[in-house]
Amino acid sequence: MGDQHVPESVPPLSGPRETDGASEAGLAYDPQAVEQKWQRLWASEGTYQVDASDPRPKAYVLCMYPYPSGAAHQGHVRNYTFGDLNVRYRTMQGCAVLSPFGFDSFGLPAENAAIKTGIHPREFTDARIEELKQSVVALGAVYDWRREVRSHDPSYIRWGQWIFVRMLEAGLAYQAEAPVNWCPGCQTVLANEQVLADGTCERSGDQVVRRELRQWFLRITEYADELLEGLHQLQWPDRVKTMQRNWIGRSEGVQFALEVVDHPDIELTVFTTRPDTGFGVTYAVVAPEHPLLSALTTTEHRRQVDELLQQVAHLSDIERQSTEGSLDKRGTFTGSYVLNPFNGQPVPVYVADYVLMGYGTGAIMAVPAEDQRDWDFAALKGLDVVRTTQPPEDWEGQAFTGTGVKVNSGFMDGMSVEQAKVAALEWLESKGIGVRKVNYRLRDWLVSRQRYWGCPIPVVHCPSCGTVPVPDDQLPVLAPDDVEFLPTGESPLARHDTFRDTTCPACGGAARRETDTLDTFFDSSWYFLRFCDPQDDRRPFDPALTQRWMPVDQYIGGIEHAVLHLLYARFFTRVLVDLGLAPVEAREPFARLFTQGMIRMDGSKMSKSKGNLVAPSRYFDSVGADALRLFHLAVAPPAEDVDWTDQTDEVIAGWSRWISRVWRLATGQAGSGGTKPNEAEDRRLRHFTHRTIQKVTSDLDRWSYNTAVSALRELANACYHNLGTPDAPSAVALDEAVDALVLLLAPMAPHVAAEAWQVRHGDHVHARPWPVADAQLARDETVTLVVQVNGKVRDRIEVDPTIGQAEAELLAMGSERARAHMGTEPPVKVVVKPPRLVNFVVRPH
RNA sequence: GCCCGGGUGGCGGAACGGCAGACGCGGUGGACUCAAAAUCCAUUGUCCUUGCGGGCGUGCGGGUUCGAGUCCCGCCCCGGGCACCA
């Protein structure tokens, strides 16, 4: 998964602190010694290994598996800090937590490195996996490592291919022509990322062109409605659901045919969501790739049309939909006319780049009066504009897309837009010209990649049998190692004779092996299922084990995956359920989703391919992992982006100081409580303790980690209050407070919490149950009643929280400070919201 | 261009439509110390005021409301995604 924006460089951190090799009570806290001790212990005791037979209620907590880009960067640290907090918190709450880890280990960077340095992608990738794994362990994040999955592992490839074959058999995979970015200089297909903003190749600088290639697709559009409907039941951020909804882009409308003047043999089919505007159609537009374009183009217009096609060949879809620059040069007349079926008038047919072949029918009826882009284009080309919805008075100079009364529209005159939509549809259907049609913005999933470092598509192309899947017992199809990684030429697989040339599994004749590999989103669409049964060599995963763990209860990853990965995976699991391979529990794979913000530096202008130079290891080696974790929890709400600045190191150092502050409290070095009860202080501290337990618990439940950490700061401050003075709280109250502090800290800063607890009690803090507040002690004895005059705060009165309406008003009325702002007349109105607020509304004087 | 977010002190941030700035970082002052570090304590939006207190303040402009950082409308700026980066 995503390699996030990462900081480029930071000023040097103050040198490593002195360590004294141990951290028993009475000594300074030594993060390195403590962290290594506990990391070894968690690993050797298998503390976070779970099995399906575990009787506790299950919780599946998962961070999106990473693309192994080497040592972890701060984006990973942030992700795994949140994940680990959830794992430990749910464990303390009594759940059997499934916490697996794996690697999205196929991908472009390894192949680029191979081309550059000659190192084989596998060697390159394995080395980086080890590095990343090490930093994840050093962070103190705990996983059931027996379940590790790597995309490039032959067993994972095998079952991925096996699933692809099942999809092929079910008719869900098919081949079709689709454009790719072709670099004439490199003689190779480029990823969008490798094409610069000016449309040139990042490596050779050549102008990139779009070229049609026969490629594999998955029929995700068949699931469009289901994917849309399924969003309702998900506990996902609204913005992610909205993005998916918009991405699917369901729209209801009409598809109808336009007669072509002087061409009885062909007709132009268009889709519209606004059939009510039919009388306003003054021209039509086809996409440059439209199959009828050639037939529609007359001899005298062919030159201009060809020029346009050449120009469009190196534009991306984004550039084509942009209205920057003049539309003038981006469309031209074909020379043909079609008949507007509503009024029988001939209207000209244009070709323009802003119409995309991939959406609808690749042709539109243009209504400049009611569509702004059509308006702009019509203005440039001097085309007619006929309003069919009456715009408000004074409306001129632009399209009117709102609702109103229909005009100039024959049988629809006088109707509302909504009525007219229905009338136009019924009219088109009754005439046999059109049909109602649901259209989606979503396109089928193109899974072919012309690359080496990916999962080979397991089919063989036979001249006599056609496309034949590789039989199950011959899986996995593995890419050969002896390939050349050249900076020019096609995919290494296509040039590898003994891989490419094979025999047909059906007839035994000479055949050609498919040399495309699968999109890495294919791999990331089912790894969370494999985690449930990672070593199975009879099937991708056992349905019973999958049923035990699925769905993922908490999925955590970057917002950049809001649409693609998260939509593909939802599609994939639906298919697996429909094919009977996965239990219904997996239909919606991620019950709860959290999308974290990104790490930015200098406004995020840096490129993602640059390495991460703010390596977490520099913090592990100085202040320790706990300090870095607390920093990430505290610095911002988890969903927000984080700016890595000059001040960041100082803030992290502050967390290191705080850890020592807690350590001194826990070990008694900060001073101890009194031997006798101190009623006032004890009540204050116990109230604070139990209120903090409530606050932290609810903050963790609502993903408000920054405020949870703040609450722990406050509890520590409360513990220090009056410590070492005659007015100190009793040892009993202090111990209760410090124990609560350590327990609440355990999911956040697990090492110091574990060590502190062991020093105090001898056992493991992470095996303790999560603390429960005493509601009586947590209750506030008084609250502040705010007295306002005309909405401005004029006084504050401490009152009993159960105070009533009348009593509150009476108390407020008695406030001298408030009365000083009220003049002599009685208030016009009094708003009383006990126990928080009384607002007197008076006439200004 | 389209879709989705964000904008609060010097900085990161807090705030069920009801005390704007919790908790930190940085700053300032103090205690401890021969001194320093570490530590502990206090203070810190801004303007006017000796003080009490008051005015102004949540990107900009309007609106709803007894009351708006929060809700609505219109802008500006910054970021994410846009189907082959993952």
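Letters A, B, ... are given to chains in the order of the sequence lines, protein chains preceding strands, and every chain is numbered from 1.
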Kindly point out which of B/rG12, B/rG26, B/rA83 is positioned nearest to the side chain of A/Val635?
B/rG12
For A/Arg691 and B/rA22, is the shortest distance between a side-chain N/O and OP1 or OP2 below 4.0 Å?
no
Check whether any side-chain nitrogen or oxygen of A/Arg245 sits under 4.0 Å from OP1 or OP2 of B/rC4, and answer yes or no.
no
When the P atoms of B/rG69 and B/rG62 are compared, how many Å lie between them, rounded to an integer?
15 Å
Just checking A/Glu111: base, sugar-phosphate only, or nothing, at a heavy-atom cut-off of under 4.0 Å?
nothing
Checking base pairs now: Watson-Crick or wobble, both atom distances under 3.5 Å. What partners B/rA68?
none
Contacts of A/Ser710 and A/Val841 projected onto RNA chain B by closest heavy atom; the upstream (5') one is A/Ser710
Say you pick atom C1' in B/rG5 and the same atom in B/rG10; how far apart are they, in whole Å?
26 Å
Please check the phosphate of B/rA38 (OP1 and OP2 only) for any side-chain N or O of A/Arg664 closer than 4.0 Å.
no
Need one value for A/Leu442: base, sugar-phosphate or nothing, where a base atom within 4.0 Å counts as base even if backbone is also close, heavy atoms only.
base
Test side chain to side chain donor-acceptor pair (under 3.5 Å) applied to A/Gln450 and A/Thr517, A/Thr515, A/Asp516, the passing residue
A/Asp516
Backbone N/O of A/Leu196 and side chain of A/Thr200: donor-acceptor pair under 3.5 Å:
no
Which nucleotide, if any, forms a Watson-Crick or G-U wobble pair with B/rU28, using both distances under 3.5 Å?
B/rA42
Do you know which two heavy atoms are closest between A/Ala711 and A/Thr692, and how far apart they sit?
O-CG2, 3.8 Å
On the 0 to 90° scale, with breaks at 30° and 60°, tag the A/His76-A/His73 ring pair as parallel, tilted or perpendicular.
parallel
Both distances below 3.5 Å, Watson-Crick or wobble geometry, any strand: find the nucleotide opposite B/rC82.
B/rG1
Atom CG of A/Asp374 to atom P of B/rG1: distance rounded to whole Å?
18 Å
B/rC85 base to A/Gln194 side chain: any donor-acceptor pair below 3.5 Å?
no
C1'-based separation of B/rG9 from B/rA14 [nearest Å]:
13 Å
Would you classify A/Leu108 as touching base, sugar-phosphate or nothing, given that sugar-phosphate means primed atoms plus P, OP1 and OP2, and contacts are heavy atoms under 4.0 Å?
sugar-phosphate
Between A/Trp644 and A/Phe631, is the ring-ring contact (aromatic ring centres under 6.0 Å, His included) condition met? List the steps.
CA-CA 11 Å; A/Trp644 201 273; A/Phe631 162 76; 5.6 Å; yes
Parallel, tilted or perpendicular, judged at 30° and 60°: which one describes the rings of A/Trp453 and A/Phe106?
perpendicular
Please state the C1' separation for the pair B/rG45 and B/rU28 - nearest whole angstrom.
16 Å
Considering all heavy atoms of both residues, which atom of A/Glu809 and which atom of A/Phe840 are nearest to each other, and what is their separation?
O-CZ, 4.3 Å
Contact class for A/Trp655 vs. all strands (heavy atom < 4.0 Å): base, sugar-phosphate, or nothing?
nothing
Base, sugar-phosphate or nothing for A/Arg713? Non-hydrogen atoms, less than 4.0 Å.
sugar-phosphate
If you measure from the P atom in B/rA15 to the same atom in B/rC23, how many Å do you get, rounded?
13 Å
Under 4.0 Å, heavy atoms only, any strand: does A/Pro637 hit a base, just the sugar-phosphate, or nothing?
sugar-phosphate
Hey, does A/Thr648 reach any base, or is it just sugar-phosphate, or nothing, if we go heavy atoms under 4.0 Å?
nothing
What's the gap between B/rG26 and B/rC75 when it is taken at their C1' atoms, as a whole Å value?
35 Å
How far, in whole Å, is B/rG59 from B/rG6 if one measures between their C1' atoms?
11 Å
Using whole Å, what does the distance between atom P of nucleotide B/rC4 and atom CH2 of A/Trp247 come to?
13 Å
Upstream residue (5' side of RNA chain B) when A/Thr242 and A/Asn192 are each assigned their closest nucleotide:
A/Thr242
Students often get this wrong, so: under 4.0 angstrom with heavy atoms, is A/Val180 touching a base, only sugar-phosphate, or nothing?
base
Short N/O separations, protein against nucleotides 15-19 of chain B, under 3.5 angstrom:
residue: B/rG18; atom: N2; partner: A/Gln788; partner atom: OE1; Å: 3.3
residue: B/rG18; atom: N2; partner: A/Asn839; partner atom: ND2; Å: 3.3
residue: B/rC19; atom: O2; partner: A/Arg796; partner atom: NE; Å: 2.5
residue: B/rC19; atom: O2; partner: A/Arg796; partner atom: NH2; Å: 3.4

Can you tell me if A/Lys829 touches the phosphate of B/rU65, counting only side-chain N or O atoms and a distance under 4.0 Å to OP1 or OP2?
no
Over 60° means perpendicular and under 30° means parallel, so classify the ring planes of A/Trp445 and A/Phe522, tilted if in between.
tilted
Choosing from B/rU39, B/rG80, B/rG53, which nucleotide comes nearest the side chain of A/Arg657?
B/rU39
Does the structure show a Watson-Crick or G-U wobble partner for B/rG57, both distances under 3.5 Å? Name it, or say none.
none
Would you mind telling me which of B/rG54, B/rG80, B/rG5 lies closest to the side-chain atoms of A/Arg239?
B/rG5
Could you check A/Leu218, A/Thr520, A/Ile220 and say which one makes a side chain to side chain contact (heavy atoms under 4.5 Å, CB included) with A/Val447?
A/Leu218
Identified ring-ring contact (aromatic ring centres under 6.0 Å, His included) partner of A/Phe594 from the options A/Tyr705, A/Trp236, A/Trp703
A/Trp703
Under-4.0 Å side-chain N/O to phosphate OP1/OP2 contact, A/His821 with B/rG54:
yes
Using side-chain heavy atoms (C-beta onward) and a distance below 4.5 Å, is A/Asp104 in contact with A/His565?
no
Measuring from the side chain of A/Glu193 (C-beta onward, heavy atoms only), which nucleotide among B/rA83, B/rG80, B/rC85 has the closest atom?
B/rC85
To the nearest Å, how far apart are A/Ile652 CD1 and B/rG12 C1'?
12 Å
Under a 3.5 Å limit on both distances, the Watson-Crick or wobble mate of B/rA14 is none
Describe the nucleic acid contact of A/Arg451 in one word from base, sugar-phosphate, nothing, applying a heavy-atom distance below 4.0 Å.
base
Answer with yes or no whether A/Gln647 presents, from its side chain, a donor or acceptor under 3.5 Å of a partner atom in the base of B/rC25.
yes
Nucleotide nearest A/Asn717 (side chain, heavy atoms from C-beta), chosen from B/rG79, B/rC82, B/rG24
B/rG24
Give A/Arg794 one of three labels, base, sugar-phosphate or nothing, depending on what nucleic acid heavy atoms sit under 4.0 Å from its own.
sugar-phosphate
For atom CZ of A/Phe106 and atom C1' of B/rC84, their distance in whole Å
16 Å
Look at the side chain of A/Glu560 against the base of B/rC82 and say whether a donor-acceptor pair falls under 3.5 Å; ignore hydrogens and angles.
no
Base, sugar-phosphate, or nothing: which does A/Arg449 touch, judged by heavy atoms less than 4.0 Å apart?
base
Please state the C1' separation for the pair B/rA37 and B/rC32 - nearest whole angstrom.
12 Å
Per atom distances to the A/Met243 side chain, the nearest of B/rG26, B/rG80, B/rC84 is B/rG80
In Watson-Crick or G-U wobble terms, both distances under 3.5 Å, what is the partner of B/rG9?
none
Where the side chain of A/Tyr720 is concerned, which of B/rC41, B/rC4, B/rA14 is the nearest nucleotide?
B/rC41
